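Contents: one structure, followed by commentary.
These figures come from a predicted structure and were not determined experimentally.
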Amino acid sequence: QVQLVESGGGLVQAGGSLRLSCQTSGVTFSRYAMAWFRQAPGKEREFVAAFSQRTGSTPYADSVKGRFIISRDNKKNTVILQMNNLKPEDTAVYYCAASATVIMSQLRSPLGYNSWGQGTQVTVSS
């Protein structure tokens, strides 16, 4: 059974940084694509960043490009989202997602992932 547990969220002032972690279990981690999505109140869940297990590519949403960095530690079965220069519009619940079968065209879509964490709240004050 795949389990994803996020941590590292919190309250930070604009311009600050946070580091989110997603600990996985029940997976052969190196075979899984991992991604971060976020959902703000009243809005749809949106793509933030992903790490393709097939190509090693790391696509980012335009809104976070240059500020956020996704990485993975295959020994610790963990995926990290380093968030720098945070803005109030980054406020959302952040979710970790995993899939062993997502195709490249769906790497940025929630539909491509079948395992999700419970989410961690990130709040950025102005």
Side-chain angles (χ1 to χ4, degrees):
Q1 182 179 357
V2 178
Q3 289 190 322
L4 308 176
V5 178
E6 302 98 333
S7 61
L11 173 64
V12 64
Q13 288 188 334
S17 298
L18 282 174
R19 180 182 171 93
L20 304 184
S21 295
C22 175
Q23 178 68 54
T24 71
S25 60
V27 303
T28 303
F29 186 69
S30 60
R31 298 180 182 178
Y32 275 68
M34 302 297 299
W36 289 94
F37 290 80
R38 66 187 182 186
Q39 189 166 17
K43 295 187 177 181
E44 293 186 351
R45 191 166 298 190
E46 66 172 0
F47 170 76
V48 176
F51 198 117
S52 169
Q53 85 283 21
R54 296 179 183 177
T55 66
S57 63
T58 53
Y60 293 90
D62 288 343
S63 58
V64 306
K65 197 173 295 182
R67 299 188 297 123
F68 290 12
I69 300 171
I70 188 171
S71 61
R72 60 192 290 162
D73 185 333
N74 286 341
K75 292 184 178 180
K76 296 182 178 180
N77 292 350
T78 300
V79 61
I80 302 294
L81 185 69
Q82 178 65 43
M83 306 187 295
N84 301 318
N85 190 21
L86 283 160
K87 303 176 181 180
E89 51 263 43
D90 294 319
T91 296
V93 177
Y94 283 70
Y95 296 92
C96 177
S99 174
T101 58
V102 62
I103 57 178
M104 290 303 292
S105 61
Q106 285 199 323
L107 205 58
R108 296 170 179 256
S109 169
L111 298 177
Y113 299 85
N114 50 17
S115 297
W116 293 85
Q118 81 288 350
T120 185
Q121 177 70 46
V122 171
T123 303
V124 184
S125 63
S126 57

Under 3.5 Å donor-acceptor, Thr28 side chain and Arg31 backbone: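 No.
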Just by distance, do the side chain of Glu6 and the backbone of Gly119 share a donor-acceptor pair under 3.5 Å?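 Here the side-chain-to-backbone pair exists.
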For a quick check under 3.5 Å, do Thr78 and Gln23 share a side-chain donor-acceptor pair by atom type?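 There is such a pair (donor and acceptor under 3.5 Å, judged by atom type) between the side chains of Thr78 and Gln23.
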Heavy atoms only: give me the nearest [X]-[Y] pair and the separation to one decimal.
X	Y	result
Asn84	Ser17	OD1-OG, 3.0 Å
Pro88	Ala14	CD-CB, 4.1 Å
Thr120	Gly9	OG1-N, 3.2 Å
Met104	Thr55	CE-OG1, 4.0 Å
Ser99	Gln53	O-NE2, 4.3 Å
Val93	Gln121	CG2-OE1, 3.2 Å

Compare all side-chain heavy atoms of [X] with those of [Y] and state whether any distance is below 4.5 angstrom.
X	Y	result
Pro59	Phe47	yes
Ser71	Gln82	no
Ser63	Arg38	yes

For Lys65, salt bridge (Lys or Arg N to Asp or Glu O under 4.0 Å) partners two or more places apart: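 Residues passing salt bridge (Lys or Arg N to Asp or Glu O under 4.0 Å) with Lys65: Asp62.
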side-chain contact (heavy atoms from CB on, under 4.5 Å) evaluation trace for Tyr113 with Leu107: CA-CA 8 Å; Tyr113 299 85; Leu107 205 58; 3.4 Å; yes
Gap separating the [atom1] atom of [X] from the [atom2] atom of [Y], nearest 0.5 angstrom:
X	Y	atom1	atom2	value
Ser7	Gln118	OG	CD	8.5 Å
Leu111	Arg45	CG	CZ	11.0 Å
Arg72	Ile80	CZ	CD1	11.5 Å

Running the 4.5 Å side-chain criterion over Ile, Leu, Val, Met, Phe, Trp and Tyr, what cluster does Tyr32 land in, apart from itself?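 Its cluster partners, ordered by chain and number, are Val2, Leu4, Val12, Leu18, Leu20, Val27, Phe29, Met34, Trp36, Val48, Phe51, Tyr60, Val64, Phe68, Ile69, Ile70, Val79, Leu81, Met83, Leu86, Tyr94, Val122, Val124.
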